[in-house]
2 protein chains.
Amino acid sequence: MPTPLEKARKNPDSMKAKILLSARHLFGEYGYHGVTTRMIANEVGIDISTLHYHWGDKESLYDAVVTDIHDEIIGVLKDVEKVAHGKSMTTRLNIAIDTVCDFLFAKPEVPKLVVVSAFTKTRPHGIKDDRLSQHVPNIAIAMGLAPDKKGVSPRDLARVLAIANAMYSFASGESSFKQLLKVEHKEYVSIVKDTLKFILTPAFTQETAQNLAVRS
Amino acid sequence: MPTPLEKARKNPDSMKAKILLSARHLFGEYGYHGVTTRMIANEVGIDISTLHYHWGDKESLYDAVVTDIHDEIIGVLKDVEKVAHGKSMTTRLNIAIDTVCDFLFAKPEVPKLVVVSAFTKTRPHGIKDDRLSQHVPNIAIAMGLAPDKKGVSPRDLARVLAIANAMYSFASGESSFKQLLKVEHKEYVSIVKDTLKFILTPAFTQETAQNLAVRS
DNA sequence: ATTTGTTTCCATCATATGATGCATAATTGC
DNA sequence: GCAATTATGCATCATATGATGGAAACAAAT
């Protein structure tokens, strides 16, 4: 029994897939309550009833969007883990920043939706998604901050969150921040990557941190 | 001619002030479209018509909330500038992190609303607030990243944004992140401050060290 | 071609939502 | 006290919104 989401993934040209794509975009842009089923149907160029026919009610569609995005993120994280494994901390960080940023900037609705769903509630049921946060401990281990699942302290998790927050914030806020920096997309991405490396590398690089501790 | 916002500030016990407070809370929690005028009126314990009598339409009230919060933030930033002036980079950072975090955690609706208003659009007019970002250059100067208003590069601005993003993200996402870290509020605040210092201090003190090394 | 199953849209409904008119109550100034 | 002003709540409206029934169009299989 394939779910609607599985069907949409199987056939990217299907109506289900088109609806899912528009829903991702719009929910990311305006948030759950800021999007009406009519807006989605309109962007796809179909009637609302067609939308309901494929996805059921609004909440189901939103769930599908969140699940879809969640799975994509997990995939990217696993890619990073694979490529970064065994490398030095600096290299691991650079790979993580470059790979994740490329992904987030290629699909802007992903960071927007994650940020919105993490920071605001939906009314009235309060759709809660903690699946993403379940992967934070894995990142902590992959980054070499903790030896194993049991050895991950709240402090380690907070550091992983700091890294993730930084990337997601810059990606989600591109339209606002780009204006402030007075740069175009391409340069914005470049500056963001540089800034993230500038901020994160010293903190997580042992030698530098030790040198600083000695100096000061 | 005092505006409704000025009246509300003048008399904190007034109905206008009560409405403003509930509106801050609810808009921060659910976002613009996630809040109905009835929700606000209900939380205050009044009729919707009373709400409209005091604040006009929903958008005006939202504007007032954004302005109110904006002014508070500007106040805190000026405080930080005053206290941090002339101190070392490490001290400046510590003061900024402690002061701003204390403020953001004392009034959780502030970071939530800022993040939401920066990262999501409102429909249909797209209420855009770039007043806050106008202060970013000032922070760059106050932090010692640039000599004067003309010398602030996009890179400097991005670094200030990184600092601000980190604080706002941790404050906005407290409810999600606290759960993940499995700690209570007080410990969460402590961990966040430590993590911010851990991440930010090395980066910005290293640059200072590098600059000094280059000059000599 | 006929049947069967799938997809699409039109018309419509029930409720939610923003907003207002108006009568009444409370407050203020004198 | 009394008039004038301000504040509050009830009833109501127009539109927005989520959702559905059912007819028609389309597709696939025999």
Side-chain angles (χ1 to χ4, degrees), chain A residues 1-8 10-23 26-27 29-66 120-127, chain B residues 1-23 26-27 29-66 121-127:
Chain A
M1 296 306 137
T3 64
L5 179 55
E6 287 164 350
K7 285 188 192 171
K10 197 165 181 177
N11 186 355
D13 290 332
S14 66
M15 185 52 70
K16 278 187 179 55
K18 284 184 193 169
I19 295 171
L20 185 70
L21 201 69
S22 285
L26 287 170
F27 280 133
E29 206 72 22
Y30 299 101
Y32 180 78
H33 295 292
V35 175
T36 68
T37 53
R38 279 167 178 81
M39 285 169 68
I40 303 172
N42 199 54
E43 189 173 291
V44 180
I46 56 171
D47 190 89
I48 350 164
S49 55
T50 304
L51 186 148
H52 283 103
Y53 169 78
H54 285 287
W55 287 101
D57 61 16
K58 187 186 175 185
E59 209 171 309
S60 304
L61 177 54
Y62 184 75
D63 273 344
V65 167
V66 172
T120 69
K121 290 179 186 162
T122 53
R123 162 180 57 89
H125 300 117
I127 302 166
Chain B
M1 298 303 138
T3 65
L5 179 55
E6 286 165 350
K7 286 187 193 172
R9 283 171 171 165
K10 199 165 183 179
N11 186 355
D13 290 331
S14 65
M15 185 53 69
K16 279 187 177 57
K18 284 183 193 169
I19 295 172
L20 186 69
L21 201 70
S22 285
L26 287 169
F27 280 132
E29 206 73 20
Y30 298 101
Y32 181 76
H33 294 293
V35 176
T36 69
T37 52
R38 277 168 179 80
M39 286 169 68
I40 302 172
N42 199 54
E43 189 173 291
V44 180
I46 56 171
D47 191 88
I48 349 164
S49 56
T50 304
L51 186 148
H52 282 103
Y53 170 76
H54 285 289
W55 288 101
D57 62 15
K58 186 186 175 185
E59 208 171 310
S60 304
L61 176 55
Y62 184 75
D63 273 343
V65 166
V66 171
K121 291 179 188 163
T122 53
R123 161 180 59 88
H125 302 297
I127 302 167

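The model shown is predicted, which means the values in this text are computed figures rather than measured ones. Within every chain, numbering begins at 1; the chains are lettered A, B, ... in the order of the sequence lines, protein sequences first and strands thereafter.
Heavy-atom distances to DNA chain D give each of B/Tyr53 and A/Thr37 a nearest nucleotide, and the one nearer the 5′ end belongs to B/Tyr53. Across the interface with DNA chain C, nearest-nucleotide mapping of B/Ile48 and A/Ser49 shows A/Ser49 to be the residue nearer the 5′ end.
Classification of the A/Tyr32-A/Phe27 ring pair by plane angle, with boundaries at 30° and 60°, yields parallel.
Counting to the nearest Å, the P atom of D/dG18 and the NE2 atom of A/His33 are 10 Å from each other. Going from atom CZ of A/Arg38 over to atom C1' of D/dA19 covers 9 Å, rounded to whole Å. Rounding to whole angstrom units, CG of residue B/Leu51 and C1' of C/dG21 are separated by 17 Å. Between the C1' atom of D/dT6 and the CD1 atom of B/Ile46 lies a distance of 15 Å, rounded to the nearest Å. Rounded to an integer number of Å, the gap from CD1 of A/Ile40 to P of D/dA19 is 11 Å. Atom pair B/His54:NE2 and C/dA19:C1' shows a separation of 16 Å (rounding to whole Å applied). A/Leu61 places its CG atom 14 Å from the C1' atom of D/dA19, with the value rounded to the nearest Å. Between the C1' atom of C/dA19 and the NZ atom of B/Lys58 lies a distance of 12 Å, rounded to the nearest Å.
How far OG1 of A/Thr120 is from NE2 of A/His33: 8.0 Å, rounded to the nearest 0.5 Å. In this structure, B/Leu26 CG and B/Leu21 CG are separated by 10.0 Å, a value rounded to the nearest 0.5 Å.
The side chain of B/Asp47 sits closest to D/dG9 out of C/dA19, D/dG9, D/dA19. The A/Met15 side chain lies nearest to C/dT8 when the options are C/dT20, D/dA7, C/dT8. The side chain of B/Thr50 lies closest to D/dG9, out of D/dG9, C/dG18, C/dC9. In this structure, of C/dT7, D/dT8, C/dT17, it is C/dT17 that holds the atom nearest to the side chain of B/Thr36.
Within the 4.0 angstrom heavy-atom criterion, no nucleotide atom of any strand lies near B/Val44.
The closest side-chain donor-acceptor pair between A/Asp57 and A/Ser60 falls under 3.5 angstrom.
Taking side-chain N and O atoms only, B/His52 has no distance below 4.0 Å to OP1 or OP2 of C/dG21.
The minimum heavy-atom distance linking A/Lys58 with A/Val35 is given by the pair NZ-O, 2.8 Å.
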